[in-house]
Amino acid sequence: MLLDTPSLYFRAFFGIPESIKAPDGSPINAVRGLIDMIATLVRQHSPAELAATMDADWRPAFRVAAIPTYKAHRVAHGNTEEIPDTLVPQVAIIEEVLDALGIARLESPGYEADDVIGTLTHQAAGRGDGAVDIVTGDRDLFQLVDDARPVRVLYTARGIRNLQIVDEAFVTAKYGIPGRAYADFATLRGDPSDGLPGVAGVGEKTAAALITRFGSLGALIEALDAGETDGFPAGSRTKLSAARDYLRAAPAVVAVAPDAPLPAADLALPAKPRDPEALVRLADRYGLDSPLNRLLDVLGS
């Protein structure tokens, strides 16, 4: 099980009132919420291995170089992400809690959590390690679903207790595209939440028709370059031709990395805390006894 940790702690922060505070009066809602989420996920899905992936760089330079608008609307100043002031200190606490518990926390300089997930998924497939569950609220990771390996997404849009299981059949039913074609589809359609413009005038239906017809973005571009006209919905060929530079640059932005450099890590689910004393200190300082005890009960069962 691979956790898109930023997606989860943002969800916890906005879903749980800031009136949930530590003994010193500081908000602790994101921390408590994430701990309870992990407890629920482990209880319901019993993973043998678990990794909490993090953003070492929320807006990597290689993506900005390819598409300068990438996440530009989220920049507060410099290259700092606009994050609520009361969430920022909680991220550091989350990291301390995960480390004290012994839950693997992985990040890679210059890469996002999505890339760490992509790399771990690729590594697991190479070793034949069995099923991979990716927990996220980010549709970008739908590109990793693969029934043959198998890899699926546990999508949190409806809440952690009402997860949507995203496999190839889900992607096909939802978007009308081949089950493993989400990245190409998203490139054409665009994603305003990430500052990805897409092809002007090409919406979901046209993007789905194009990917279904040509099978992949690469094949579509080949047909475009060869002057083919068959298979292009009315007016779409002109729009695609005008977006050639974007279509060549965008895949490097949309595709999650399969090869982000990662340290060696033990992903085995901890049966007991790695650092019990540190965990007690954190529980006392931030009033985390109840959620941590719930998680420890699940981990030890």
Side-chain angles (χ1 to χ4, degrees), residues 1-43 47 49-58 76 80-117 120 135-137 156 160 260-300:
M1 177 172 282
L2 305 177
L3 307 180
D4 180 0
T5 315
S7 170
L8 297 181
Y9 65 60
F10 267 99
R11 183 175 186 85
F13 178 81
F14 288 109
I16 298 173
E18 286 191 49
S19 57
I20 305 297
K21 297 184 183 295
D24 66 2
S26 59
I28 203 73
N29 54 328
V31 181
R32 290 180 66 101
L34 179 66
I35 294 169
D36 279 334
M37 286 179 179
I38 295 173
T40 298
L41 289 163
V42 172
R43 184 186 308 110
E49 295 182 309
L50 181 70
T53 69
M54 308 292 287
D55 286 332
D57 189 339
W58 73 284
T80 304
E81 185 177 13
E82 188 173 13
I83 298 176
D85 291 342
T86 50
L87 175 57
V88 174
Q90 294 191 63
V91 176
I93 299 167
I94 286 167
E95 293 176 345
E96 290 184 73
V97 168
L98 292 172
D99 292 348
L101 284 165
I103 291 175
R105 177 172 63 86
L106 291 174
E107 60 184 41
S108 181
Y111 291 90
E112 301 177 60
D114 284 9
D115 299 310
V116 179
I117 289 172
L120 290 170
V135 186
T136 185
T156 64
I160 208 73
L262 296 175
D266 181 4
L267 307 189
L269 203 67
K272 58 183 180 180
R274 175 187 294 145
D275 190 338
E277 292 182 2
L279 199 62
V280 169
R281 288 195 300 270
L282 290 164
D284 290 345
R285 180 175 179 183
Y286 298 111
L288 298 173
D289 283 345
S290 294
L292 281 174
N293 283 334
R294 287 191 290 270
L295 177 53
L296 291 170
D297 285 345
V298 174
L299 292 174

Using side-chain hydrogen bond (donor to acceptor under 3.5 Å, both in side chains) as the criterion, list what pairs up with Asn29, not counting sequence neighbours. Gln90
Only pairs at least two apart or in different chains count here, so list each side chain to side chain donor-acceptor pair (under 3.5 Å) that has a residue in residues 14-26. Glu18-Thr86, Asp24-Ser26
Pairs where residues 3-15 contributes a residue and the test side chain to side chain donor-acceptor pair (under 3.5 Å) is met, not counting sequence neighbours: Asp4-Thr136
Residues forming a side chain to side chain contact (heavy atoms under 4.5 Å, CB included) with Pro263, sequence neighbours excluded: Leu106
Are the side chains of Leu34 and Val97 in touch, meaning some heavy atoms are under 4.5 Å apart? no
When you look at Tyr111 and Asp57, which way does the side-chain contact (heavy atoms from CB on, under 4.5 Å) test go after all the steps? CA-CA 5 Å; Tyr111 291 90; Asp57 189 339; over 6 Å; no
Roughly how far apart are Ile160 CD1 and Leu41 CG, rounded to 0.5 Å? 4.0 Å
Keeping the roles fixed (side chain from Thr53, backbone from Val116), state whether a donor-acceptor pair exists under 3.5 Å. no
For the residue pair Leu279 and Leu296, establish whether any side-chain heavy-atom pair is separated by less than 4.5 Å. yes
The complete set of side chain to side chain donor-acceptor pair (under 3.5 Å) pairs with one or both residues in residues 261-274, sequence neighbours excluded, reads none
So how far is it from Leu295 CG to Arg43 CZ, rounded to the nearest 0.5 Å? 9.0 Å
Do Pro6 and Trp58 come within less than 4.5 Å of each other through their side chains, counting heavy atoms only? no
Give the minimum heavy-atom separation between Tyr286 and Pro23, together with the two atoms involved. C-CD, 3.5 Å
Heavy-atom closest contact (Ala12 atom, Ala30 atom, distance): CB-O, 3.7 Å
Side chain to side chain contact (heavy atoms under 4.5 Å, CB included) partners for Pro270, two or more places apart: Ile103, Leu299
Which residues share a salt bridge (charged side-chain N to carboxylate O under 4.0 Å, His left out) with Arg105, sequence neighbours left out: Glu95, Asp99
Excluding sequence neighbours, so at least two apart, what forms side chain to side chain contact (heavy atoms under 4.5 Å, CB included) with Arg281? Glu277, Ala278
Tell me, which pairs form a salt bridge (charged side-chain N to carboxylate O under 4.0 Å, His left out) where one or both residues lie in residues 285-297, sequence neighbours left out? Asp36-Arg294
What's the separation between atom CD1 in Ile94 and atom CD1 in Ile35, rounded to the nearest 0.5 Å? 8.0 Å
Roughly how far, to the nearest 0.5 Å, is the CD1 atom of Ile93 from the CD1 atom of Ile28? 4.0 Å
Going by side-chain hydrogen bond (donor to acceptor under 3.5 Å, both in side chains), name the residues that satisfy it together with Asp114, two or more places apart in sequence or in a different chain. none
Output for pair (Asp55 CG, Ser108 OG), nearest 0.5 Å, gives 11.5 Å
Hey, does Leu50 have a side-chain heavy atom less than 4.5 Å from the side chain of Leu267? no
For the residue pair Phe14 and Pro84, establish whether any side-chain heavy-atom pair is separated by less than 4.5 Å. yes
Go through it in stages, so that I can follow the logic: the residues are Leu2 and Val135, the test is side-chain contact (heavy atoms from CB on, under 4.5 Å), and I'd like the CA-CA distance, side-chain angles, deciding distance and then a yes or no. CA-CA 6 Å; Leu2 305 177; Val135 186; over 6 Å; no
Atom CZ of Arg32 and atom CG of Leu292: how far apart are they, to the nearest 0.5 Å? 9.0 Å
